[in-house]
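See below for the structure under consideration.
Because the structure is a prediction, the values reported are computed rather than measured.
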Amino acid sequence: MDLRLDGNAALVTASSSGLGFASAASLAAEGANVVVCGRTPERLEEAEAALAEEPGEVLAVEADITDRDDVAALVEATVEEFGGLDHVVTSAGGVPPGTFDETTDDQWRGAFDTLVMSAVWTLREARPHLTDSDAGTVTCITSTSVREAIDGLVLSNAVRRTVIGLVKTISREWAPDVRANAVLPGAHETARIEELVEDALERGEYDSYEEGLDDWASDIPLDRIGDPRELGDVVAFLSSERASFVNGAALPVDGGRLRS
């Protein structure tokens with residue numbers, strides 16, 4: 001299916017690795033010009049080099065999405081490089097695990113800046129450019145934890161739900177000029193999961209890496225965890241005119257694990 005994204009400008013936050021990078025790769029593969037960002041120069045350079053193989057152009061910008069000034073500069077750099085902004089994909093790094101009783105005030109504030117305010121600042125700066133676009137879209141990457149709480153992840157469970165409220169609100173307030181949706185990824189084979197499985201291997205919990213992945217997939221009906229590009233392809237679809245009547249949706253991409 002031709003997603004007709006050739007020449008569109010897309011900004012993907014927290015995209016030097018993980019699901020943000022996978023989303024940028026899928027957009028670039030469809031011909032979109034993509035801006036990726038991250039805080040680690042080495043990782044950002046690797047991401048830029050990998051995306052250079054795709055049809056779309058790529059710009060890598062070092063930025064901390066929990067810094068409002070960095071976010072403003074990031075959007076400005078996108079518009080200067082590509083002459084506008086058609087699609088915004090908000091992604092963010094993970095927040096610390098923990099139960100309610102062991103989570104500190106500083107961790108709550110940090111999680112809110114990382115997961116919520118980073119999206120608020122990005123969308124605020126991007127709004128006029130998205131409105132000027134003929135195909136403005138917003139896609140926020142959250143987690144299945146917004147639908148079903150995950151044990152030991154109180155910050156993700158509680159704070160990410162705010163992003164769903166934000167998406168639902170702007171999907172009405174910004175329509176018909178801009179569409180806004182969210183994706184709810186389950187387990188995907190990102191560097192984070194690879195790290196967790198390798199750590200468990202060292203502790204002797206698994207006999208092999210494959211056994212660790214099988215354990216992660218034990219409650220997924222498709223009997224495997226996802227490839228990050230499978231999530232990225234959903235993001236690219238939602239950004240395209242092929243999804244032109246999809247607005248205000250929160251779409252799980254989890255192999256069917258959610259029961260709700």
Side-chain angles (χ1 to χ4, degrees), residues 9-24 27 34-39 61-79 85-96 107-131 133 136-147 153 155-175 177-185 190 192 231-232 234-236 238-239 246-253:
L11 167 62
V12 187
T13 62
S15 47
S16 60
S17 63
L19 297 178
F21 173 78
S23 299
L27 287 161
V34 177
V35 176
V36 295
C37 76
R39 293 180 296 182
V61 178
E62 188 176 342
D64 179 354
I65 60 171
T66 64
D67 184 309
R68 179 167 35 192
D69 292 338
D70 272 17
V71 171
L74 175 64
V75 174
E76 183 180 359
T78 303
V79 174
L85 177 55
D86 304 294
H87 311 290
V88 169
V89 180
T90 67
S91 178
V95 292
Q107 287 175 322
W108 279 102
R109 295 187 187 98
F112 196 79
D113 277 354
T114 298
L115 300 177
V116 179
M117 292 312 299
S118 64
V120 169
W121 293 326
T122 303
L123 297 179
R124 183 182 291 153
E125 295 294 331
R127 168 70 191 279
H129 308 293
L130 293 173
T131 301
S133 168
T137 69
V138 170
T139 308
C140 295
I141 301 174
T142 59
S143 167
T144 55
S145 67
V146 306
R147 188 76 61 81
L153 294 180
L155 292 174
S156 182
N157 296 338
V159 179
R160 287 186 189 276
R161 292 181 184 225
T162 305
V163 178
I164 299 301
L166 171 63
V167 168
K168 197 64 179 178
T169 299
I170 65 172
S171 73
R172 300 182 65 84
E173 292 183 351
W174 293 7
D177 299 318
V178 178
R179 292 187 297 108
N181 295 288
V183 290
L184 284 50
T190 60
R192 176 58 176 161
L231 185 282
V234 173
V235 170
L238 290 174
S239 302
V246 183
N247 186 41
L251 179 63
V253 186

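A heavy-atom distance below 4.5 Å is found between the side chains of Ile141 and Leu231. Side-chain contact between Val120 and Leu166 is present, with at least one heavy-atom pair separated by less than 4.5 Å. Residues Leu238 and Val246 meet the side-chain proximity criterion, which asks for heavy atoms closer than 4.5 Å. Side-chain contact between Val116 and Val159 is present, with at least one heavy-atom pair separated by less than 4.5 Å. Contact annotation: the side chain of Thr137 never approaches that of Asp86 to less than 4.5 Å [non-hydrogen atoms, C-beta and beyond]. In this structure, Leu74 and Asp70 have side chains that are not in contact, with every pair of non-hydrogen atoms separated by 4.5 Å or more. Side-chain contact between Pro96 and Leu155 is present, with heavy atoms from C-beta onward closer than 4.5 Å.
Within 6.0 Å of atom CZ in Arg39, 12 or fewer heavy atoms from other residues, nucleotides or ligands are found, so the atom counts as exposed in its surroundings.
Within the model, atoms OG1 of Thr162 and CZ of Phe112 stand 5.5 Å from one another, a figure rounded to the nearest 0.5 Å. The distance from the CH2 atom of Trp174 to the OG1 atom of Thr169 is 11.0 Å, given to the nearest 0.5 Å.
With respect to Thr142, the side-chain contact (heavy atoms from CB on, under 4.5 Å) criterion is satisfied by exactly one of Ile164, Val183, Thr90, Val167: Ile164. Applying the side-chain contact (heavy atoms from CB on, under 4.5 Å) test between Leu11 and each of Val89, Leu130, Thr122 identifies Thr122 as the sole match.
Closest approach of Leu184 to Ser143, counting heavy atoms only: CG-O, 3.5 Å. Between Arg68 and Arg124, the closest heavy-atom pair is NH1-NH1, 4.5 Å. Closest heavy-atom contact between Ala63 and Cys37: CB-CB, 4.2 Å. The two residues Val88 and Ala126 make their nearest non-hydrogen contact at CG2-CB, 3.7 Å.
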- Derivation and outcome, side-chain hydrogen bond (donor to acceptor under 3.5 Å, both in side chains), residues Ser145 and Ser156: CA-CA 7 Å; Ser145 67; Ser156 182; 3.0 Å; yes
